[in-house]
Amino acid sequence: MIRRTTEFLREGKYAAEVPIELIEDEGDWSPYLSLEDARKLDAVRLALRAGDLATAAKYGTVFELTPVSA
């Protein structure tokens, strides 16, 4: 069975919500990501780390985090 969910990633002052699919089965490792979704999360994480918001935005919604208090 496949369940759609959203993964929240944070790198520095940026964050992204990335839609992924979790694969659920009777195995001990359930639920788990497909290889494609794992690579997508890695690509977004690296793009946020490099400040490449255009690339990160191809995979999900990107946010700039602003501190409210110091």
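Note that the numbering runs from 1 along the sequence shown for the chain.
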For the residue pair I23 and P31, establish whether any side-chain heavy-atom pair is separated by less than 4.5 Å.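 The answer is no, as the side chains (C-beta and beyond) never meet within the 4.5 Å cut-off.
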Do V18 and T6 touch side chain to side chain, with heavy atoms closer than 4.5 Å?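 Contact flag for V18/T6 side chains = no.
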Roughly how far, to the nearest 0.5 Å, is [atom2] of [Y] from [atom1] of [X]?
X   : Y   : atom1 : atom2 : result
K40 : S34 : NZ    : OG    : 7.5 Å
Y14 : E64 : OH    : CD    : 5.0 Å
F8  : T61 : CZ    : OG1   : 10.5 Å

Would you mind checking if E21 and R3 are paired as a salt bridge, meaning a charged N to carboxylate O distance below 4.0 Å?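 No, no charged N to carboxylate O under 4.0 Å.
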Do L9 and L22 share a hydrophobic cluster, counting only Ile, Leu, Val, Met, Phe, Trp and Tyr and linking them when any side-chain heavy atoms are less than 4.5 Å apart?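 Yes, because L9 and L22 connect within a single hydrophobic cluster, where side-chain heavy atoms sit under 4.5 Å apart.
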CA sep, side-chain torsions, deciding dist, call: E24, I2, side-chain contact (heavy atoms from CB on, under 4.5 Å): CA-CA 6 Å; E24 296 185 14; I2 295 178; over 6 Å; no
Output a table of donor-acceptor pairs, distance under 3.5 Å, between side-chain atoms of residues 43-58 and any protein atom two or more places apart or on a different chain; print 'none' if there are none.
{"unit_1": "R45", "atom_1": "NH1", "unit_2": "D42", "atom_2": "OD1", "d": "3.2"}
{"unit_1": "R49", "atom_1": "NE", "unit_2": "E11", "atom_2": "OE1", "d": "3.2"}
{"unit_1": "R49", "atom_1": "NH2", "unit_2": "E11", "atom_2": "OE2", "d": "3.1"}
{"unit_1": "D52", "atom_1": "OD1", "unit_2": "T55", "atom_2": "N", "d": "3.3"}
{"unit_1": "D52", "atom_1": "OD1", "unit_2": "T55", "atom_2": "OG1", "d": "3.3"}
{"unit_1": "D52", "atom_1": "OD2", "unit_2": "T55", "atom_2": "OG1", "d": "2.6"}

Which atoms form the tightest heavy-atom contact between S30 and D25, and what is the distance?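 Answer, listing the atom of S30 first, then D25: OG-N, 2.9 Å.
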Minimum heavy-atom separation for I20 and L33, please, with both atom names.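 Smallest interatomic distance, heavy atoms only, reads CD1-CD2, 3.3 Å.
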